[in-house]
Amino acid sequence: MTKKTALVVSAHSADFVWRAGGAIALHAAAGWDVTVVCLSYGERGESAKLWRKPGMTLDNVKSGRREEAENAAAHLGVSDIQFWDLGDYPITLAQESLFRLADLYRAVRPAWAMTHSRLDPYNADHVAVSAFAQEARIVAQAHGHNPETPVIGAPQVYLFEPHQPEQCGWKPDTILNITDAWDKKRAAIECMQGQEHLWEYYTRVALQRGVQGGRNSGTPMTYGEAYESVFPAVVGTL
């Protein structure tokens, strides 16, 4: 039996933890191979705590953020985490990187992919990565791109929750019960020492989504993650 796979395209090295850690941990525990691509370390705009240390350098910030993300990925059961080091504030997404991501789609062949919301007035990197990840999916479906490798099908793309969704035009249509994976996600969250101020914030987000998930399903849940799907679900029955 072919192993199920998923792909998470994270702008910065902590984004996959806050926004998709529960989904990653649940699916990894169920035997899925989950690949995470961190396009940036978040070394300029999302590492203020590290920059306050005397004598800090850019290379040391990157190294620290990488170690945090690797430790978090281990808690979540990530099968492959990649760091592309494409800069931060701004991130640089050239055609070479686009084709590289398209080729990764073909190599992973994910059942679904996750990335950022389409809009985010607080973080231009997130917006750029959302478009980038979705364009790479399109390229990976194109028969004329590297015709010696098979094209992918049509994996769903889920846009994970931005920091301030009401400002981002993001409307969730899927809530995942992550209660069984919460301990793993919280452990991963606590690996992100450079952004300790966000630990309790994303715990509150998970609790709130758990309440909403319970109300919308009739099944009690404590912790949840919410996503906006890009494409319609195709079903045989409702």
For a quick test of your reading: what N or O donor-acceptor pairs under 3.5 Å do the side chains of residues 21-32 make, sequence neighbours left out?
from	atom 1	to	atom 2	distance (Å)
H27	ND1	A23	O	2.8

Any side-chain to backbone donor/acceptor pair from [X] onto [Y]? Under 3.5 Å, distance only.
{"X": "R106", "Y": "A140", "answer": "yes"}
{"X": "Q167", "Y": "D120", "answer": "no"}
{"X": "K185", "Y": "W18", "answer": "yes"}
{"X": "Q193", "Y": "E190", "answer": "yes"}
{"X": "T5", "Y": "D33", "answer": "no"}
{"X": "T203", "Y": "W199", "answer": "yes"}
{"X": "Y105", "Y": "A133", "answer": "yes"}
{"X": "T179", "Y": "M221", "answer": "no"}
{"X": "S117", "Y": "P162", "answer": "no"}
{"X": "R109", "Y": "V151", "answer": "yes"}

Checking [Y] against [X]: is there a side-chain donor and acceptor pair closer than 3.5 Å?
{"X": "S229", "Y": "D173", "result": "yes"}
{"X": "E225", "Y": "Y227", "result": "yes"}
{"X": "D180", "Y": "Y223", "result": "no"}
{"X": "N60", "Y": "T57", "result": "yes"}
{"X": "S63", "Y": "E67", "result": "no"}

Applying side chain to side chain donor-acceptor pair (under 3.5 Å) to K4 and not counting sequence neighbours gives none
Over 12 non-hydrogen atoms of neighbours within 6.0 angstrom of CD in Q164:
yes
Any residue meeting salt bridge (Lys or Arg N to Asp or Glu O under 4.0 Å) with R118, in chain and number order, not counting sequence neighbours:
E228
Value rounded to 0.5 Å, distance of [atom1] in [X] from [atom2] in [Y]:
{"X": "H163", "Y": "Y122", "atom1": "NE2", "atom2": "OH", "result": "9.0 Å"}
{"X": "K53", "Y": "S47", "atom1": "NZ", "atom2": "OG", "result": "10.5 Å"}
{"X": "Y158", "Y": "L176", "atom1": "OH", "atom2": "CG", "result": "9.0 Å"}
{"X": "R65", "Y": "D85", "atom1": "CZ", "atom2": "CG", "result": "13.5 Å"}
{"X": "Q82", "Y": "L39", "atom1": "CD", "atom2": "CG", "result": "10.0 Å"}
{"X": "S130", "Y": "N123", "atom1": "OG", "atom2": "CG", "result": "12.0 Å"}

Listing, residues 92-104 side-chain donor-acceptor contacts under 3.5 Å, not counting sequence neighbours, or none:
from	atom 1	to	atom 2	distance (Å)
D103	OD1	H145	NE2	2.8
D103	OD1	N146	ND2	3.0
D103	OD2	N146	ND2	3.3

Taking the basic N atoms (NZ, or NE/NH1/NH2) and the acidic carboxylate oxygens, is any pair closer than 4.0 Å for E196 and K49?
yes
Below 4.0 angstrom, N of the basic side chain to O of the carboxylate: do R204 and E200 qualify?
no
Cluster overlap [X] with [Y], hydrophobic side-chain contacts below 4.5 Å:
{"X": "V157", "Y": "I175", "answer": "no"}
{"X": "M56", "Y": "Y89", "answer": "no"}
{"X": "Y202", "Y": "L207", "answer": "yes"}
{"X": "W170", "Y": "F160", "answer": "no"}
{"X": "V36", "Y": "V108", "answer": "no"}

Compare all side-chain heavy atoms of [X] with those of [Y] and state whether any distance is below 4.5 angstrom.
{"X": "V9", "Y": "M114", "value": "no"}
{"X": "P172", "Y": "E161", "value": "no"}
{"X": "W51", "Y": "V61", "value": "yes"}
{"X": "E70", "Y": "F83", "value": "yes"}
{"X": "V205", "Y": "Q208", "value": "no"}

Walk me through it: do N71 and E68 pass the test side chain to side chain contact (heavy atoms under 4.5 Å, CB included)?
CA-CA 5 Å; N71 290 339; E68 290 176 358; 5.9 Å; no
Please determine whether side chain to side chain contact (heavy atoms under 4.5 Å, CB included) holds for the pair Q134 and I138, giving the CA-CA distance in whole Å, both sets of side-chain angles, and the decisive distance to 0.1 Å.
CA-CA 7 Å; Q134 293 183 68; I138 294 169; 5.6 Å; no
Those residues at least two apart in sequence (or on a different chain) that pass side chain to side chain contact (heavy atoms under 4.5 Å, CB included) with V211 are R215
Which pairs of donor and acceptor atoms, one on a side chain in residues 10-17, lie under 3.5 Å apart (sequence neighbours left out)?
from	atom 1	to	atom 2	distance (Å)
S10	OG	H12	O	2.6
S10	OG	F16	N	3.2
H12	ND1	D15	OD2	3.0
H12	ND1	E46	OE2	3.2
H12	ND1	H126	NE2	3.3
H12	NE2	D88	OD1	3.0
H12	NE2	D125	OD2	3.1
S13	OG	Y41	O	2.9
D15	OD1	R19	NE	3.4
D15	OD1	R19	NH2	3.4
D15	OD2	H12	N	2.9
D15	OD2	H126	NE2	3.3

Which atom of [X] lies closest to which atom of [Y], heavy atoms considered:
{"X": "I91", "Y": "V129", "value": "CD1-CG2, 3.9 Å"}
{"X": "H75", "Y": "C191", "value": "CD2-SG, 3.4 Å"}
{"X": "I81", "Y": "A73", "value": "CD1-CB, 3.9 Å"}

List the steps, then state whether side chain to side chain contact (heavy atoms under 4.5 Å, CB included) holds for L159 with H116.
CA-CA 5 Å; L159 308 179; H116 295 267; over 6 Å; no
Would you please test T35 and V8 for side chain to side chain contact (heavy atoms under 4.5 Å, CB included) and show each step?
CA-CA 6 Å; T35 298; V8 179; over 6 Å; no
